[in-house]
**Q** 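Questions regarding the structure given below will be posed in turn.
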Amino acid sequence: MDITIVPLPTEKMKTKIADQSQLGFGKYFTDRMLVVEWKATQGWCDARIEPYAPFVLDPACLVFHYAQEIFEGLKAYKWADGRIALFRPEMNARRFNQSGDRICLPPVPEELFLKGIEQLVSLERDWIPTASGTSLYIRPTLIAVEPVLGVKPSDHYYFYVILSPVGAYYAAGFNPVSILVEDHYVRAVPGGTGEAKTGGNYASSLKAGLEAKKKGYDQVLWLDGRERRYIEEVGAMNMFFVYGTHIVTAPLTGSILSGVTRDSVLKLAPTLGYTVEERQIDVHGLMDDIRSSKVTEAFGSGTAAVITPVGKLCYKDEVLQMTGGKVGEITQRLYDTLTGIQTGKLKDEFGWVRFVG
Ligand code: COI
């Protein structure tokens, strides 16, 4: 499908943030966005890259009432030689449609997803920050825009992609975060939407997140919805626990997100001499293992969070520190290797990078 490029008037061009250390996460947006529509009568149509602007939407649109929407997150990096690299975007394209299938959204052809992002990023290349720890965050989104109040799949959708130059997801940068194991609220149950990247999962996590913040924690770690016993994920990250040189993470049981960074860690770690295991992690056993220092490090993984060290875990009022509250050696090595591949400082032995033409 051809994508129409709508001219960007000079007066609509924004001023870029000069000090890249002040970017934060998801606060600034570039000049253009990709929009493609899906209509029941036509399928995918009207693909365009147009000036970034608010949508005018009917208040009755299905997305506002029944949350029929999904999103993705991936990043573009500008290498020292000027090339622009996307990291494993095909995985995001696939996961986008898996999420969409769960809530009856029409699949976005992989070619449209990838080519649309490439064209948009290429046009917006001057927005890609280059300071260490920064990147251009890409947010593909699909929303139901039919204005009707009956509960049903929409007959009209917008697939759109916006871009945001970003720094670290957590304000503290690459420093250990503290996490509260949530034993009251649950994020997902078997057969629910936990595996889908759909906004409702994030809305339902807000209350627990706020309560954790009040107690001084950065995030909550969800337990399984049935027994409230097995480690699932932190809303913005999958979790890993390090036992010496053995790295353990929860399996993909259908209620946690199948993270692209999670998958990358599982593939990367063995090449650095570590063993990896996907197994159910009982929170009681985990607390014992932290207490007895069998767990030597913990970290989270995610596109936004990259690899984030975890220094403190609280479960039922017991607070345990890991790695002396410092960044663990293996966590650091995985972070350096992963970001090295993403930014072109290290060779990509896995074929993960896709260059934007
Ligand atoms: C990402 O890592 O890209 C995410 O979508 C997490 C997000 C909720 C910030």
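In listed order, ligands and their atoms are each counted from 1. Sequential numbering from 1 along the given sequence is applied to the chain's residues.
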**Q** Do Y185 and W222 have their ring centres less than 6.0 Å from each other?
**A** no
**Q** Checking a contact table here: which protein heavy atom is nearest atom 2 (O) of ligand 1, and how many Å away?
**A**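 Scanning the protein heavy atoms, the shortest distance from atom 2 (O) of ligand 1 goes to A304 N, 2.8 Å.
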**Q** Is the shortest distance from a Lys or Arg side-chain nitrogen in R228 or D183 to a carboxylate oxygen in the other one below 4.0 Å?
**A**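 No, no charged N to carboxylate O under 4.0 Å.
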**Q** Determine whether the side chain, the backbone, both or neither of K197 has a heavy atom under 4.0 Å from any heavy atom of ligand 1.
**A**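 It is the side chain that touches ligand 1; the backbone stays farther off.
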**Q** Does NZ or CZ of K39 lie under 6.0 Å from the centre of the six-membered ring of Y157, at an angle within 45° of the ring axis?
**A**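 Judged by the rule, K39 and Y157 form no cation-pi pair.
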**Q** Would you say the side-chain atoms of D289 and Y243 include a donor-acceptor pair closer than 3.5 Å?
**A**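 Yes, a side-chain donor-acceptor pair sits under 3.5 Å.
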**Q** Using a 4.0 Å cut-off to any heavy atom of Y169, which atoms of ligand 1 qualify?
**A** 9 (C)
**Q** Show which atoms of ligand 1 fall inside a sub-4.0 Å distance from at least one heavy-atom site of Y202.
**A**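 With Y202 as reference, the close atoms of ligand 1 come out as 8 (C).
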**Q** Identify the protein heavy atom lying closest to atom 3 (O) of ligand 1, giving its residue, its atom name and the separation to 0.1 Å.
**A** Y137 OH, 2.5 Å
**Q** Classify the angle between the aromatic ring planes of F113 and F96 as parallel (below 30°), tilted (30 to 60°) or perpendicular (above 60°).
**A**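 Geometry flag for F96 against F113: tilted rings.
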**Q** Just so I know, are the side chains of D126 and K16 near enough to count as touching, which here means a heavy-atom distance under 4.5 Å?
**A** yes
**Q** Near F71, which atoms of ligand 1 are under 4.0 Å from a heavy atom of that residue?
**A**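 Those atoms are 5 (O).
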**Q** I'd like to know whether ligand 1 has R139 as a neighbour, heavy-atom separation below 4.0 Å.
**A** yes
